[in-house]
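See structure below.
Order of the sequence lines sets the chain letters (A, B, ...), proteins ahead of strands, with each chain counted from 1.
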Amino acid sequence: MDLGDIDLDHTLSCGQVFRWRKEGDRWIGVVHGHEVRIGQRGKRIDLETDLPNNVLERYFRADDDMEEVYAFISHDDYVRGLVRRFHGLRLIRQDPWECSASYILATYSNIPRIRKMIERICVMYGSEIEGGGHAFPTPAQIVQNEKGAETCGLGFRCERFVEFAKRMAGGGVDFEGLRASSYEICHKRLVSFEGIGDKVADCIAVFSLDHMEAFPIDVRIKRVLESEYGVRGTYGKVSAFARERFGAYAGYAQEYIYYAEDAKNRKEVKG
DNA sequence: AACCAGGTCTCGA
DNA sequence: TCGAGACCTGGT
């Protein structure tokens, strides 16, 4: 299998996906209801899964031309430096429903806790899969037992999560339509759902619906945009600046910046 | 032990 | 349209 120019460690630990863990030198995750074990030594990928190659290539966005991506976003020394440091960090094309549900849960929380919330949801609702893990639940599985979510430690996100599952189960969300539409239409539509605001809408757009110009802004990104570029103001204003500056691949720039800030925190914690 | 977290919603000005 | 507060809970 050829994943192209990719660094699995950066790609799977940068915070865009929540269900991967590293054991030894291999990453273990669940993709589209199948366990995937994958490792990397240099350019060589070793893989253990019953998923077809083309599904994984799609998941890892092997179709992205990274030279073009880097050309688009390398507008200044700051981003150029990040591209050099974290070369091979790629966006992942997640399942839209899993992505939406995950980022609704990610609201006003932190990654370790988000991972736990999602894991509890999967154990509570998801089908058992080969390898001993659980698939991410379907909307129908959640709707079937609404009360179950209350014991998963979701806090105020619980109601939003269940409501969105209901909406999904009722066929109220046309993800493929949103994938085919413009970024602006997609964002506008996503924001109309309860529990999805500007930031989560952009996460869904860029992480699962191929709108690579979407630029999610959380507190960290907000701080960086102010310190590096002197930009502040409303979400709409700041994200418009980022889309204008980094163009069609602004979402990639965002992920490199986010990961860089994450690395900074890890270093500080270690002292 | 406080502080803060991959924000969203509500509500006045 | 914009800024301010509240908000479950648990990591650090």
Looking for any heavy atom pair under 4.0 Å, which part of the strands does [X] touch: base, sugar-phosphate only, or nothing?
X	value
A:E150	nothing
A:Q16	base
A:Y235	nothing
A:G15	base
A:I217	nothing
A:G155	base

- Task: To the nearest 0.5 Å, tell me how far A:D95 CG sits from A:F136 CZ.
- Result: 8.5 Å
- Message: Measuring from atom CD of A:E48 to atom CZ of A:R26, what distance do you get when rounded to the nearest 0.5 angstrom?
- Response: 5.0 Å
Send over the distance from [X] [atom1] to [N] [atom2], rounded to a whole Å.
X	N	atom1	atom2	result
A:L190	B:dG7	CG	P	17 Å
A:D218	B:dC4	CG	C1'	13 Å
A:F161	C:dC8	CZ	C1'	16 Å
A:H187	B:dG7	NE2	C1'	13 Å
A:I111	C:dT12	CD1	C1'	14 Å
A:R157	B:dC9	CZ	P	13 Å
A:E119	C:dG10	CD	C1'	17 Å
A:M117	B:dG7	CE	C1'	12 Å

- Query: Under 3.5 Å, is there a donor-acceptor pair between the A:D202 and A:H211 side chains?
  - Reply: no
- Task: Using distance alone, with no hydrogens and no angle criterion, decide if A:Q141 and A:S127 have a side-chain donor and acceptor under 3.5 Å apart.
- Result: yes
- Let me know, please, whether A:S109 or A:P112 comes out on the 5' side of the other along DNA chain C by nearest nucleotide. A:S109
- Item | 5′-ward residue of the pair A:K116/A:R160 relative to DNA chain C | A:R160
- Task: Find which nucleotide of DNA chain B each of A:F193 and A:E255 is nearest to by heavy atoms, and output the residue with the more 5' nucleotide.
- Result: A:E255
When rounded to the nearest Å, what value does the distance between [atom1] atoms of [N] and [M] take?
N	M	atom1	value
C:dA6	B:dC3	P	15 Å
C:dT12	B:dG7	P	16 Å
B:dC11	C:dC8	P	14 Å
B:dC9	C:dG10	C1'	22 Å

- Duplex segments of DNA chain C, taken as runs of at least three Watson-Crick or G-U pairs that stay under 3.5 Å: B:2-5 with C:9-12, B:7-13 with C:1-7
- Message: Counting only heavy atoms from other residues, nucleotides and ligands, does the tally under 6.0 Å from CD of A:E130 exceed 12?
- Response: no
- Message: For A:K188, I'd like to know if atom NZ has over 12 heavy atoms of other residues, nucleotides or ligands within 6.0 Å.
- Response: no
- Message: Tell me whether A:Y108 and B:dT8 count as stacked here, given that the ring centres must be under 5.5 Å apart and the planes must differ by less than 30 degrees.
- Response: no
- Query: Which listed nucleotide (C:dC8, C:dG11, B:dT8) is nearest to the side chain of A:N110?
  - Reply: C:dG11
- A:R113 has a side chain; which of B:dC9, C:dC7, C:dT9 sits nearest to it? C:dT9
- Is A:Y256 reaching over with its side chain to a backbone N or O of A:V79, donor-acceptor style, under 3.5 angstrom? no
- Just to confirm, is there a sub-4.0 Å distance from OP1 or OP2 of B:dA5 to any side-chain nitrogen or oxygen of A:R223? yes
- Item | Worked check of side chain to side chain contact (heavy atoms under 4.5 Å, CB included) between A:D76 and A:E228 | CA-CA 10 Å; A:D76 50 68; A:E228 289 292 329; over 6 Å; no
- Task: Look at the aromatic rings of A:Y78 and A:Y229 and report parallel, tilted or perpendicular, splitting at 30° and 60°.
- Result: perpendicular
